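Since the structure comes first, as structure tokens, the remarks are kept for the end.
It should be emphasised that the depicted structure is a prediction, and the values quoted were computed from it without experimental measurement. All values below were derived from every heavy atom in this structure, side-chain atoms included, with hydrogens, water molecules and symmetry-related copies excluded.
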Amino acid sequence: MILLASPSQDDLFRWEQGVRGLAPVFCSTNLDSVRGELVRIKPQVLLLDHNLPKLDGPNGISGLMKLNPDTKVIILSPAISDEIEWGLFRTGIRGCCRADIEPEQLKSVVEAVQQGELWIRRTLSWHLLNELVMITQEKNKIKQAVSDLLANLTRREYEIATLVGDGESNKQIARRLDITERTVKAHLTEVFRKLDVADRLKLALIVKGSMPPPDPASLGH
């Protein structure tokens, strides 16, 4: 299903020409109708007029996307600034092009988005690359911070923490390591203290988020 949304009948007619044959097409001319159709027909693609009355820019677009997260949104608009367009991509839209785009070119846009691609202008590519670099750097910082915390554990404490991360109970850990449950509990108490966590779930999240694990040679004895 492809949903077209615009107050302009001329634009709807031209867009429909472009996407004809790709999937069944539904048209909406107001925001309430768009909301209803997103829930009712769950379209694969939504071609959304940026000037749709009461849309409220990125906030409104985000609200529509929450109604059906699987719908891929393509914004059609008059000329807009790079900043506004990049802000739209940050909401999660999959493409942006001019409202007066030729039907054949619109077909190419929709086909690309259907295949999981982004339709983004080359002049905005550096925004995308910069965003990816920042995300990667932030993830690396978090992983390093977690690894530094785990490096404060002894070998035995790290071993037990890893088994907790795998979902094993104290009894299972005791059997696997050939120690008593009381010893397991004692080690876990120390692990919780060193990592400043209060329960097994948070410990498991820390352990799973630390992959790859720190070098055993760096662990305390």
Side-chain angles (χ1 to χ4, degrees), residues 1-139 209:
M1 303 282 187
I2 297 177
L3 177 61
L4 315 180
S6 173
S8 168
Q9 292 292 342
D10 289 340
D11 283 343
L12 288 175
F13 177 75
R14 189 174 62 260
W15 299 351
E16 188 171 4
Q17 284 184 311
V19 302
R20 186 175 298 158
L22 297 180
V25 177
F26 292 80
C27 296
S28 293
T29 57
N30 60 76
L31 188 57
D32 288 339
S33 175
V34 174
R35 289 172 176 152
E37 297 294 5
L38 280 172
V39 174
R40 186 178 71 85
I41 66 174
K42 301 184 185 305
Q44 181 191 20
V45 178
L46 166 62
L47 301 184
L48 180 62
D49 191 331
H50 189 249
N51 290 334
L52 190 71
K54 301 180 181 180
L55 181 58
D56 190 28
N59 290 334
I61 294 170
S62 295
L64 290 177
M65 294 172 70
K66 290 177 182 177
L67 294 175
N68 185 18
D70 292 333
T71 295
K72 298 176 175 65
V73 178
I74 300 171
I75 298 296
L76 294 103
S77 72
I80 55 178
S81 68
D82 286 357
E83 290 73 19
I84 292 177
E85 187 170 340
W86 177 242
L88 294 174
F89 274 100
R90 295 196 68 183
T91 67
I93 70 167
R94 306 305 298 271
C96 188
C97 52
R98 291 184 60 93
D100 59 359
I101 186 172
E102 292 297 323
E104 279 303 311
Q105 188 177 4
L106 181 60
K107 181 179 181 180
S108 298
V109 174
V110 173
E111 287 178 330
V113 169
Q114 284 178 320
Q115 293 169 12
E117 299 177 20
L118 287 179
W119 191 273
I120 185 170
R121 290 188 291 118
R122 291 183 179 179
T123 54
L124 291 179
S125 296
W126 73 271
H127 282 286
L128 182 59
L129 292 173
N130 188 52
E131 189 88 359
L132 291 173
V133 168
M134 291 178 63
I135 291 173
T136 300
Q137 290 176 341
E138 189 62 28
K139 286 183 177 179

| task | Please report the C-alpha distance between Lys107 and Val19 in whole Å, then the side-chain angles of each, then the deciding distance to 0.1 Å, and finally whether the side chain to side chain contact (heavy atoms under 4.5 Å, CB included) criterion is met. | result | CA-CA 5 Å; Lys107 181 179 181 180; Val19 302; over 6 Å; no

Look up atom [atom1] in [X] and atom [atom2] in [Y], then write down how far apart they are to the nearest 0.5 Å.
X      : Y     : atom1 : atom2 : value
Ile101 : Asp11 : CD1   : CG    : 11.5 Å
Phe13  : Cys27 : CZ    : SG    : 11.0 Å
Glu104 : Gln17 : CD    : CD    : 9.5 Å
Leu46  : Met1  : CG    : CE    : 14.0 Å

Note, [X] side chain near [Y] side chain (heavy atom, < 4.5 Å):
X     : Y     : answer
Leu4  : Ser28 : no
Met65 : Thr91 : yes
Gln44 : Leu3  : no

Residues 70-79, side-chain donor-acceptor partners within the protein, below 3.5 Å, at least two apart:
from: Thr71; atom 1: OG1; to: Pro43; atom 2: O; distance (Å): 2.6
from: Thr71; atom 1: OG1; to: Asn68; atom 2: ND2; distance (Å): 2.7

Tell me if a side-chain donor or acceptor on [X] pairs with a main-chain N or O of [Y] at a distance below 3.5 Å.
X     : Y      : answer
Trp15 : Ala5   : no
Arg14 : Glu102 : no
Ser33 : Asn30  : no

| task | Please report the shortest heavy-atom distance between Trp119 and Phe89, naming the atom on each side. | result |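 Closest pair (atom of Trp119, atom of Phe89, distance): O-CZ, 3.2 Å.
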
| Closest heavy-atom pair and its distance - Leu118, Ile93 |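 Closest approach of Leu118 to Ile93: CD2-O, 4.0 Å.
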
Let me check something: any side-chain donor-acceptor pairs from residues 47-63 under 3.5 Å, sequence neighbours excluded? List them with distances.
from: Asp49; atom 1: OD1; to: Asn51; atom 2: N; distance (Å): 2.8
from: Asp49; atom 1: OD2; to: Ser6; atom 2: OG; distance (Å): 2.7
from: Ser62; atom 1: OG; to: Pro58; atom 2: O; distance (Å): 3.0

| Does the distance from a Lys or Arg side-chain N to an Asp or Glu carboxylate O, for Arg40 and Glu37, drop under 4.0 Å? |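 Answer for the salt bridge query: yes.
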
| task | Tell me, with the steps shown, if Val110 and Gln114 meet side chain to side chain contact (heavy atoms under 4.5 Å, CB included). | result | CA-CA 6 Å; Val110 173; Gln114 284 178 320; 4.0 Å; yes

| message | If the condition is side chain to side chain contact (heavy atoms under 4.5 Å, CB included), which residues does Ala23 pass it with, not counting sequence neighbours? | response |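 Once residues adjacent in sequence are excluded, the partners of Ala23 under the side chain to side chain contact (heavy atoms under 4.5 Å, CB included) criterion are Ile2.
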
| Given the rule in the side chain to side chain contact (heavy atoms under 4.5 Å, CB included) test, do Val34 and Thr29 qualify, once you have shown the distances and angles that lead to the verdict? | CA-CA 8 Å; Val34 174; Thr29 57; over 6 Å; no

